[in-house]
Amino acid sequence: MDIEIKLIEAVEEAVKKIYGQKAPEKAIQIQKTRKDFEGDFTLVVFPLLRVSKKPPEQTAEELGEYLKAHVDQVSDYNVIKGFLNLSINQKFWIEYLNTVAQNKNYGFISNKENPKTILIEYSSPNTNKPLHLGHIRNNLLGYSVANILETQGDKVYKVNLVNDRGIHICKSMLAWQKWGNEITPEKANKKGDHLVGDFYVQFDQEYKKEIQQLIDEGKSETEAKQNAPLILEAQEMLRKWEANDTEVRDLWKKMNDWVLKGFDITYENLGVDFDKTYFESETYKLGKELVLKGWEEGTFIKKEDGSVWADLTSDGLDQKILLRSDGTSVYMTQDLGTAHQRFNDYNANEAIYVVGNEQNYHFQVLKIVLGKLGFTWSEDLHHLSYGMVELPEGKMKSREGTVVDADDLLLEMTSTADEMSRELGKLEAYSEEERKQIIETIGLGALKYFILKVDPKKTMTFDPKESIDFNGNTGPFIQYTYARIQSLNRKAKDKGIHLPEEIKADVEVTNKELQLIKQIQSYPEALREAAKDFSPAQVANYVYDLAKEFNQFYHDHPIMSESDKAVSEFRLFLSNQVGRIIESGMGLLGINVPERM
RNA sequence: GGUCUCGUAGCUCAGUUGGAUAGAGCAACAGCCUUCUAAGCUGUGGGUCCCAGGUUCGAAUCCUGGCGGGAUCACCA
């Protein structure tokens with residue numbers, strides 16, 4: 001049983017025995033003792049003064065005395081103001097470490113009684129331009145959160161909804177048709193997504209010129225924007241697309257295919273994947289029936305022009321359009337439909353949408369509207385709203401060429417890792433192939449950790465001029481710690497020191513070693529919290545603390561050269577448990593750990 | 001203007017049901033490789049936790065108001 005739970009129960013019992021009443025609800029708070037104080041767990045006694053009717057120090061003394069006498073694991077206690085610090089005996093910690101070693105998936109919940117089925121939608125790119133740094137954050141978050149949720153024993157499905165239709169897609173198609181000269185990714189020797197993205201940019205440039213020309217001819221800006229020949233042509237193309245015009249559809253298929261192939265490469269390099277990919281071209285008509293039904297049932301209102309609206313004024317929001325006056329769908333309509341379809345397809349208990357915080361309002365409305373339609377599962381729909389990635393100067397703007405391209409960044413990370421390793425004189429002894437693999441692991445690890453260590457909700461800053469660090473609170477730091485541990489294992493093999501299956505409780509243990517075990521003990525809780533908050537950052541920060549703690553231990557605890565065999569084996573054993581958790585935690589972040597670096 | 005959100009060291013960030021003296025990394029400076037990987041370890045300096053009230057034994061954390069930044073409020077997606 002969890003030691004914390006055991007302590008809480010013991011305190012409950014103590015309060016009853018000593019003060020003759022039940023402790024008030026939630027009054028028993030057990031937390032980890034802060035490092036600067038003696039002890040392992042701390043009971044905050046202030047909330048208990050109501051029943052003890054005695055000063056804090058005295059209450060703490062009485063409870064401490066009782067716990068020491070009645071709980072095996074409590075070896076000692078001390079009182080500082082209203083804080084009762086409890087020390088847990090070494091036997092408990094060593095035994096705990098032994099159970100960790102035996103548990104293949106330590107920290108993970110398996111065989112949960114009623115596992116949930118959770119859908120997580122992430123990535124969801126547009127097929128008109130390549131992925132950039134913002135998408136990287138989305139992809140890494142989605143992939144990692146899926147992993148983290150699975151540790152809690154639930155079934156998670158990762159889905160991608162590709163936005164492959166609409167006016168923005170027609171823009172790049174039209175530009176290619178006009179100025180592309182039948183170029184293909186092969187001929188241009190360029191990834192398809194980049195090639196198509198170039199045409200999207202070109203469209204925008206030419207469109208701007210036309211607008212300027214119309215303005216010069218005396219038209220208003222709005223008028224110019226609406227009447228520029230290029231936009232009219234693009235709109236015409238969209239109409240043809242919707243009418244299933246063969247020529248347009250063929251071009252659309254061809255160019256989307258280029259882009260999707262490009263995305264596949266980026267996804268693979270990033271190390272993310274999906275259980276299913278949906279295409280908006282196949283789902284964009286969903287939702288209309290739901291809306292019409294809602295109107296018939298009086299949930300929505302129809303205006304004179306025929307458009308259908310949800311009135312959300314009673315929820316403190318505005319009115320929201322659901323069907324245009326011509327009867328066609330809007331974004332919200334589609335999302336209503338896809339949400340409904342998803343919950344049915346998978347018989348899901350929860351759905352998570354990894355979407356930037358600029359769409360907070362949209363998801364707020366989506367939930368309310370689904371609720372109004374009578375779907376009780378609207379409560380189980382979560383928007384994992386993440387903050388934008390900004391440059392030091394502010395937002396990334398594609399038009400100003402300040403976007404950080406995903407593929408470029410990945411390449412750059414590897415070459416930085418390469419430079420670093422050369423500077424440090426590492427990896428010289430290894431084959432070219434192994435070297436390449438290691439620097440990729442490190443470069444990618446640096447990037448992923450850099451992004452995932454930040455609380456998803458927060459806007460984060462990325463400075464492309466300063467390359468991502470490899471020292472300190474970084475991915476490579478943690479990877480390095482892991483590599484050190486593997487190096488220990490290799491050395492141990494050479495020296496004939498074997499890794500014991502378990503440790504005897506009477507081995508000599510230092511404070512630092514106990515601290516490490518305590519840090520290990522926090523792993524399951526860290527995962528629970530991370531899953532609850534959809535926050536890989538909490539896993540990242542946990543693993544960092546563990547690695548930092550280990551490096552301190554490593555620095556002043558000889559392992560191979562320790563003369564006491566039992567101590568030497570214990571340290572090797574402890575190191576291996578740390579290594580396993582680093583590998584596990586980093587794995588949840590989608591970061592690999594190298595055997596050497 | 002309405003709604004939402006953020007504000008912690010020079011910079012990037014931790015700090016989770018309110019708990020003890022607010023922590024890391026980077027950058028700066030000073031040390032530690034004849035000893036298991038120095039991508040490491042140790043130390044120094046650096047704080048009005050945006051401001052003002054309130055709640056309480058106790059507030060970076062909760063409430064109210066203000067200041068500052070961001071997002072959003074389309075018959076776009």
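Lettering follows sequence order; numbering is per chain, from 1.
Phe553(A) does not carry Arg571(A) over the face of its six-membered ring by the limits of under 6.0 Å from the centre and within 45° of the normal. Judged by the 6.0 Å and 45° rule, Arg137(A) forms no cation-pi pair with Tyr386(A).
Taking the six-membered ring where tryptophan is involved, the planes of Trp241(A) and Tyr284(A) are tilted, since the angle between them lies from 30° to 60°. Using cut-offs of 30° and 60° for the angle between ring planes, the Tyr353(A) and Phe363(A) rings count as tilted.
The interatomic distance linking Asn360(A) (CG) with rC73(B) (P) rounds to 11 Å, in whole Å.
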With 3.5 Å as the limit, what N/O pairs link the protein to nucleotides 41-43 of chain B?
{"residue": "rC41(B)", "atom": "O2'", "partner": "His555(A)", "partner atom": "ND1", "Å": "3.1"}
{"residue": "rU42(B)", "atom": "OP1", "partner": "Gln552(A)", "partner atom": "NE2", "Å": "3.1"}

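Closest to the Asn85(A) side chain, of the nucleotides rA20(B), rC26(B), rG19(B), is rA20(B). Of the candidates rU37(B), rA14(B), rA24(B), rU37(B) carries the atom nearest the Lys426(A) side chain, counting heavy atoms from C-beta on. In the set rC26(B), rA77(B), rU21(B), the nucleotide with an atom closest to the side chain of Asn163(A) is rA77(B).
Syn is the classification of rC33(B), since its glycosidic angle stays within 90° of 0.
With RNA chain B read from its 5' end, the first of the two nearest nucleotides for Lys532(A) and His362(A) is the one closest to Lys532(A).
Gln31(A) pairs by the side chain to side chain contact (heavy atoms under 4.5 Å, CB included) definition with Gln29(A), Thr42(A), Val44(A), not counting sequence neighbours. With sequence neighbours excluded, the residues that form a side chain to side chain contact (heavy atoms under 4.5 Å, CB included) with Asn551(A) are Phe477(A), Thr481(A), Arg484(A).
Remark: the Thr474(A) side chain and the rA39(B) base include no donor-acceptor N/O pair separated by less than 3.5 Å. In this model, no side-chain donor or acceptor of Lys457(A) finds a partner on the base of rU5(B) within 3.5 Å.
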